[in-house]
Protein chains: 2
Amino acid sequence: MYRIGELANHYEVKTDTLRFYDKHGLLKPSFRSESGYRIYSEDDAERLRFILRAKAIGFSLTDIAELLSIELDKSNWACADVKGVVDIKLADVEAKIEELNYFKTSLQRLSDACCGGPESAEHCSILEALESNTSAIKCENQKHQHEQSHYTKNCQTKG
Amino acid sequence: MYRIGELANHYEVKTDTLRFYDKHGLLKPSFRSESGYRIYSEDDAERLRFILRAKAIGFSLTDIAELLSIELDKSNWACADVKGVVDIKLADVEAKIEELNYFKTSLQRLSDACCGGPESAEHCSILEALESNTSAIKCENQKHQHEQSHYTKNCQTKG
DNA sequence: CTTGACCTTGGATTCAACTCCAAGGTTATA
DNA sequence: TATAACCTTGGAGTTGAATCCAAGGTCAAG
């Protein structure tokens with residue numbers, strides 16, 4: 001049995017957060033003391049762990065509420081239902097990774113195209129690429145040249 | 001040259017969003033018509049594409065503003081500075097990818113552990129994994145078994 | 001018997017990124 | 001010339017997930 005502060009401390013959340021979960025039906029303490037204090041049972045703590053784990057994996061509180069309702073009502077749901085929820089999230093994450101990889105490539109290309117030297121950025125390839133109305137990144141040492149460095153080795157014109 | 005509605009239509013954003021970007025300095029139309037209508041150039045459209053791509057992979061508008069604003073101040077930056085900013089973002093993106101990959105693995109493991117069939121979720125591995133206070137996911141068909149399916153092929157006990 | 005750390009409540013605020021609204025001006029078309 | 005479909009502005013509302021606040025009750029220690 002924990003009071004709100006104890007539970008909060010133990011799981012490194014704010015008491016406000018627990019009250020928020022209470023108010024929104026995600027985690028209602030099993031008991032109240034005479035004086036109205038929230039008293040959380042071991043089961044409540046378990047439920048909190050469930051919530052925190054699910055949250056860490058990237059479920060929204062709405063998702064979690066859904067998962068919890070399945071949890072309470074297990075026998076009326078099929079595995080497929082539960083797996084469905086997870087798989088949707090998974091697809092989500094995969095899409096995000098793909099986008100990030102695309103963006104990483106862009107940034108990498110920008111970074112690689114820039115000499116990175118002490119020259120004024122006036123003719124910086126990166127800025128030109130950002131300004132330009134094409135997605136081309138031109139090889140920088142056509143502009144202001146200094147010794148062919150490792151910066152520009154993998155520079156390639158890209159249309 | 002596009003009016004706000006045209007540009008919005010073309011990129012499937014709301015006109016309100018474009019006005020929002022204008023107000024917040026992310027994307028100010030290059031021109032205004034006599035009557036005050038926003039007129040966007042092809043460069044503006046390019047800038048919008050950049051914003052949307054950056055947004056899609058999870059850059060905040062603040063991040064994006066930072067990336068875009070270096071442009072205004074070019075001559076006060078050295079190539080090294082600009083490259084530095086890009087490289088910071090690159091590291092950012094890489095960290096994000098890593099985090100998401102971790103995330104993905106968790107979800108994948110959850111998904112793989114579940115048979116996904118029409119059986120009652122009573123013994124669903126996903127729920128058990130989320131319930132458990134360890135991060136272990138047990139192989140589901142130790143619980144309720146049906147033919148070894150592709151769902152459980154890559155199921156492995158993980159402690 | 002008073003301090004100080006805890007707890008209660010309802011309600012307000014935050015933050016990002018929109019999204020909507022009202023009241024009015026502009027423009028292409030019938 | 002009138003109608004509809006555009007556009008303008010400032011400002012208010014929305015969402016999710018907290019986080020903070022004020023005013024006050026509770027409880028163990030000194």
Tabulated below should be each protein N or O lying under 3.5 Å from an N or O of nucleotides 5-8 of chain D; please produce it.
residue : atom : partner : partner atom : Å
D/dC6   : O2   : B/Tyr37 : OH           : 3.3
D/dC7   : OP1  : B/Gly5  : N            : 2.7
D/dT8   : OP1  : B/Arg38 : N            : 2.7
D/dT8   : OP1  : B/Arg38 : NH1          : 2.9
D/dT8   : OP2  : B/Arg19 : NE           : 3.1
D/dT8   : OP2  : B/Arg19 : NH2          : 3.2
D/dT8   : OP2  : B/Arg38 : NH1          : 3.2

Main-chain N/O of [Y] paired to [X] side chain as donor or acceptor, under 3.5 Å:
X: B/Asp112; Y: B/Arg109; value: no
X: A/Asp63; Y: A/Ser60; value: yes
X: B/Arg47; Y: B/Lys28; value: no
X: B/Ser125; Y: B/Ala113; value: yes

Could you tell me whether B/Glu98 atom CD has more than 12 heavy atoms of other residues or ligands within 6.0 Å of it? no

What is the distance from [atom1] of [X] to [atom2] of [N], rounded to the nearest Å?
X: A/Glu34; N: C/dC7; atom1: CD; atom2: C1'; value: 15 Å
X: A/Leu26; N: D/dG16; atom1: CG; atom2: P; value: 13 Å
X: A/Leu7; N: C/dC6; atom1: CG; atom2: P; value: 15 Å

Nearest non-hydrogen partners of A/Leu7 and A/Ala45, listed with the distance: CD1-CB, 4.0 Å

With the sugar-phosphate defined as primed atoms, P, OP1 and OP2, and the base as all remaining atoms, what B/S/- string results for nucleotides 11-20 of chain C, 5' to 3', for protein heavy atoms under 4.0 Å? ------BBBB

Listed by chain and number, what are the side-chain hydrogen bond (donor to acceptor under 3.5 Å, both in side chains) partners of B/Tyr37, not counting sequence neighbours? none

Out of curiosity, B/Asn9 CG to B/Arg3 CZ, how far, rounded to the nearest 0.5 Å? 11.0 Å

